[in-house]
Amino acid sequence: AIRESQERYHRLVETSPDSIVMYDTNGDLITVNQKTADLYGVESPEQFVTEVKNILCILPRDDRLKAVRSIRQTAVTGKSANTEYSIMCKNGSVLPVEINSSVVGGLEGKVTAFISVVRDITDRKQAEAALYESESKFRDLAEKSIAGVYIIQDGIFQYVNRAAASMMGYETDEMIGKITPMDTTL
């Protein structure tokens with residue numbers, strides 16, 4: 001039964017689309033899955049553990065203090081919420097990741113290790129940046145337009161440029177999120 005349980009655990013960890021890392025209370029690596037090695041840029045989990053040694057070593061200096069605080073908090077609460085970090089890969093590139101951690105307990109509930117699921121969020125960050133750029137272009141175009149531009153959502157003005165507000169006899173801050181088209185002289 002124990003061997004079967006270990007085999008299920010091994011299959012679960014190795015088929016995960018996310019990096020899974022186990023490390024002791026000092027941050028020294030115990031084991032990782034193949035996805036971790038792939039993300040970092042080495043051939044095998046064993047090579048990753050040998051080269052990196054401590055979980056803090058793949059974090060830029062700016063993130064290390066935040067990580068130490070998070071580890072301490074996780075030891076107290078038993079788990080951490082999604083926390084964003086950057087990790088440094090073997091080739092020098094830096095990847096944005098989201099990390100969720102929980103404790104591994106020994107006898108009498110003492111924390112003996114941590115297990116973290118590390119998700120590469122590069123695609124999400126790129127999509128957020130593209131959306132921000134698109135919104136900025138729209139806002140810049142709308143603000144500079146002499147035509148009235150507005151967005152109504154759920155019956156309320158959610159965006160109004162100066163030209164539209166002026167045409168209706170308002171300031172933009174008097175309209176956005178506060179009044180409906182029925183309140184104006186459209």
Side-chain angles (χ1 to χ4, degrees), residues 1-138 153-154:
I2 291 174
R3 186 149 174 78
E4 188 177 302
S5 176
Q6 288 173 332
E7 180 60 31
R8 277 195 306 257
Y9 168 78
H10 179 73
R11 274 184 291 188
L12 176 69
V13 168
E14 285 306 317
T15 59
S16 172
D18 295 321
S19 167
I20 299 177
V21 181
M22 183 180 279
Y23 48 96
D24 69 18
T25 55
N26 295 316
D28 294 329
L29 295 167
I30 297 169
T31 188
V32 302
N33 66 349
Q34 183 62 46
K35 183 65 178 181
T36 304
D38 296 342
L39 196 64
Y40 181 69
V42 294
E43 292 290 319
S44 69
E46 295 78 19
Q47 184 181 359
F48 178 84
V49 171
T50 301
E51 287 186 21
V52 175
K53 295 183 180 35
N54 188 289
I55 193 66
L56 298 175
C57 291
I58 60 170
L59 299 175
R61 291 202 185 279
D62 296 348
D63 278 350
R64 289 180 188 171
L65 182 58
K66 180 170 95 171
V68 168
R69 287 181 183 141
S70 180
I71 290 168
R72 288 180 182 149
Q73 184 66 27
T74 301
V76 172
T77 63
K79 62 182 180 174
S80 72
N82 293 345
T83 307
E84 289 187 15
Y85 294 94
S86 295
I87 61 167
M88 299 178 301
C89 299
K90 184 176 176 87
N91 67 5
S93 64
V94 177
L95 291 177
V97 297
E98 182 177 79
I99 300 178
N100 288 292
S101 301
S102 63
V103 298
V104 176
L107 297 174
E108 300 162 9
K110 183 179 179 193
V111 175
T112 58
F114 298 91
I115 190 162
S116 296
V117 176
V118 182
R119 177 166 291 160
D120 179 354
I121 58 171
T122 301
D123 292 343
R124 183 176 87 197
K125 289 295 187 181
Q126 289 171 343
E128 287 172 359
L131 178 61
Y132 178 79
E133 184 178 331
S134 175
E135 288 174 345
S136 293
K137 284 179 182 177
F138 167 77
Q153 187 176 16
D154 298 325

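Keep in mind the model is a prediction, meaning the values are calculated, not measured.
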If you take all heavy atoms of [X] and [Y], which pair is closest and at what distance?
| X | Y | result |
| --- | --- | --- |
| Val13 | Asn33 | O-ND2, 3.0 Å |
| Gln34 | Pro45 | OE1-CD, 3.1 Å |
| Arg64 | Leu59 | NE-O, 2.9 Å |
| Gly105 | Thr112 | C-OG1, 3.9 Å |
| Asn54 | Asn26 | ND2-O, 3.0 Å |
| Val94 | Met88 | CG2-CG, 4.4 Å |

Discussion item. Quiz question: by atom type and distance under 3.5 Å, do the side chains of Tyr23 and Ser116 form a donor-acceptor pair?
Written reply: yes
Worksheet item: Would Asp120 and Thr122 count as having a side-chain donor-acceptor pair, cut-off 3.5 Å?
Response: yes
When rounded to the nearest 0.5 angstrom, what is the spacing between [atom1] in [X] and [atom2] in [Y]?
| X | Y | atom1 | atom2 | value |
| --- | --- | --- | --- | --- |
| Leu39 | Ile87 | CG | CD1 | 4.5 Å |
| Thr83 | Gln73 | OG1 | CD | 10.0 Å |
| Ile115 | Asn100 | CD1 | CG | 12.0 Å |
| Glu84 | Ile99 | CD | CD1 | 10.0 Å |
| Asn82 | Ser101 | CG | OG | 10.0 Å |
| Ile58 | Asp63 | CD1 | CG | 10.5 Å |

Could you tell me whether the side chain of [X] and the main chain of [Y] form a donor-acceptor pair under 3.5 Å?
| X | Y | result |
| --- | --- | --- |
| Ser19 | Lys35 | no |
| Ser134 | Ala130 | no |
| Thr74 | Ser70 | yes |

Discussion item. As a quick check of understanding, evaluate side-chain contact (heavy atoms from CB on, under 4.5 Å) for Thr31 and Val49, giving each step before the final call.
Written reply: CA-CA 7 Å; Thr31 188; Val49 171; 5.8 Å; no
Item to complete: Only pairs at least two apart or in different chains count here, so list each salt bridge (charged side-chain N to carboxylate O under 4.0 Å, His left out) that has a residue in residues 42-60.
Response: Glu51-Lys90
Discussion item. Could you work out, with side chain to side chain donor-acceptor pair (under 3.5 Å) as the rule, every residue matching Asn91, not counting sequence neighbours?
Written reply: Ser93
Fill in: More than 12 heavy atoms of other groups within 6.0 Å of Arg72 CZ
no
Practice prompt. Determine whether more than 12 heavy atoms belonging to other residues, nucleotides or ligands lie under 6.0 Å from atom NZ of Lys79.
Written response: no
Item to complete: Show your working on side-chain contact (heavy atoms from CB on, under 4.5 Å) between Phe114 and Ser80 and close with a plain yes or no.
Response: CA-CA 10 Å; Phe114 298 91; Ser80 72; over 6 Å; no
Item to complete: Please determine which of Thr25, Val76, Val104 meets the side-chain contact (heavy atoms from CB on, under 4.5 Å) test together with Val111.
Response: Thr25
Item to complete: List the steps and the verdict of side-chain contact (heavy atoms from CB on, under 4.5 Å) for Leu95 and Cys89.
Response: CA-CA 7 Å; Leu95 291 177; Cys89 299; 3.6 Å; yes
Worksheet item: Side-chain contact, heavy-atom cut-off 4.5 Å: Thr36 with Val118?
Response: no
Fill in: Stepwise side-chain contact (heavy atoms from CB on, under 4.5 Å) test for Val32 and Tyr40
CA-CA 11 Å; Val32 302; Tyr40 181 69; over 6 Å; no
